[in-house]
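Inspection log for the structure reproduced underneath, given as structure tokens.
Values in this document were obtained by computation on a predicted structure and should not be read as measured data. Counting convention: from 1, in listed order, for ligands and their atoms alike.
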Amino acid sequence: MPNYLKKFIVEPGTNIRLKHFDPDYHGKHESHQDALPEIQKYVEKMARLQYLMYAERKHSLLIVLQGLDAAGKDGVVRHVLTGMNPAGCVAVGFKQPTPEELAHDFLWRVHPHGPAKGSVAIFNRSHYEDVFVVRVHELVPENVWSKRYDEINDFETLITKQNNTTILKFFLHISKQEQLTRFAKRLDDPERQWKISDSDYKERDYWGNYTEAFEDVLNKTSTERAPWFIIPSNHKWFRDLAISQIIVRQMEDMNMQFPKPTVNLAEIRRQYHQAADQEKSDRRKKR
Ligand code: AMP
Ligand code: MG
């Protein structure tokens with residue numbers, strides 16, 4: 001099995017161009033059917049690892065999903081992260097900021113959603129919107145957004161160091177043609193029509209600007225503690241396979257252990273047997 005963590009990671013300090021990455025890549029599998037057993041295997045492993053993380057309460061995991069419209073961010077939350085127990089896992093979507101959020105620094109609304117020790121947080125969009133859409137549409141001047149790469153790196157360093165958080169950032173890479181195909185499906189499918197937005201086609205005119213903005217982010221903010229992965233996402237099943245494998249590998253690397261019991265097990269066992277004997281004799285008396 002190829003190591004997708006190694007294959008798709010953006011090595012810190014490199015200078016990538018997205019045109020060199022094939023969004024159609026799908027490894028050895030040819031179809032969803034073909035890949036499904038492997039995806040399921042990883043989803044199950046992830047569930048067990050998350051249970052362990054929850055029990056141990058030493059580590060936390062932040063998963064960041066970014067990509068253009070229809071790149072599949074919601075799909076990853078639905079298909080890959082289904083195995084996680086909601087008690088230790090929260091998914092947060094970042095929409096257009098409210099006036100109150102806009103009256104603060106751009107990380108203000110993000111920080112409270114960072115994962116607590118023992119838990120997993122999934123960001124569907126994130127603080128990176130503040131160097132994507134905000135940059136492309138010049139919602140703040142360049143001298144403001146251009147400083148944000150360093151500010152983001154500092155912020156991510158803070159939470160990784162202070163809270164033992166591992167950050168995995170996935171850029172879902174699709175082609176312009178694939179986006180159009182998915183938009184067409186939305187038009188024809190009553191269960192997807194709710195996803196259509198007025199700006200979908202207008203945003204396509206900015207494809208080149210978004211690409212440039214993504215490249216800058218991938219090159220400036222992929223760090224050892226918080227790496228980016230460029231996930232070929234034209235095939236939804238391959239996207240799910242790659243992401244689930246990377247998450248499992250990363251969680252396995254944490255070397256987590258179930259905590260030792262805080263009680264004296266021999267004593268508790270003695271109490272159990274006493275209670276069981278009592279039950280037995282009570283039942284006998286009732287007969
Ligand atoms: P969706 O993910 O399809 O529900 O759309 C959310 C929308 O909110 C997208 O159009 C994002 O570009 C937009 N959005 C998210 N964060 C920001 C931000 N910080 N500034 C401006 N727009 C944002
Ligand atoms: Mg949308």
request  = For Phe8 and Phe21, run ring-ring contact (aromatic ring centres under 6.0 Å, His included): C-alpha distance rounded to whole Å, both residues' side-chain angles, the deciding distance at 0.1 Å, then the answer.
outcome  = CA-CA 9 Å; Phe8 298 131; Phe21 292 81; 8.6 Å; no

Can you sort out which atoms of ligand 1 are near [X], meaning under 4.0 Å from one of its heavy atoms?
X: Arg109; value: 16 (N), 17 (C), 18 (C), 19 (N)
X: Val134; value: 20 (N)
X: Asp130; value: 19 (N)

query = Heavy atoms only: which of His137, Glu129, Glu101, Arg125 is nearest to atom 7 (C) of ligand 1?
reply = Arg125

note = Of Gly67, Gly93, Ala70, Pro97, the one whose closest heavy atom lies nearest atom 18 (C) of ligand 1 is Pro97

task = Output yes when the distance from some N or O of ligand 1 to some N or O of Lys95 is under 3.5 Å, and no in every other case.
result = yes

query = Taking only residues two or more places apart in sequence, or in another chain, which ones meet Phe258 in a ring-ring contact (aromatic ring centres under 6.0 Å, His included)?
reply = Tyr51

task = Decide whether a cation-pi geometry holds between Arg57 and Tyr54; the criteria are a distance under 6.0 Å from NZ or CZ to the six-membered ring centre and an angle within 45° of the ring axis.
result = yes

key: Option passing side chain to side chain contact (heavy atoms under 4.5 Å, CB included) with Met84 (candidates Leu49, Ile122, Val120, Val90)   = Val120

query = Side chains of Glu156 and His127: donor-acceptor distance under 3.5 Å anywhere?
reply = yes

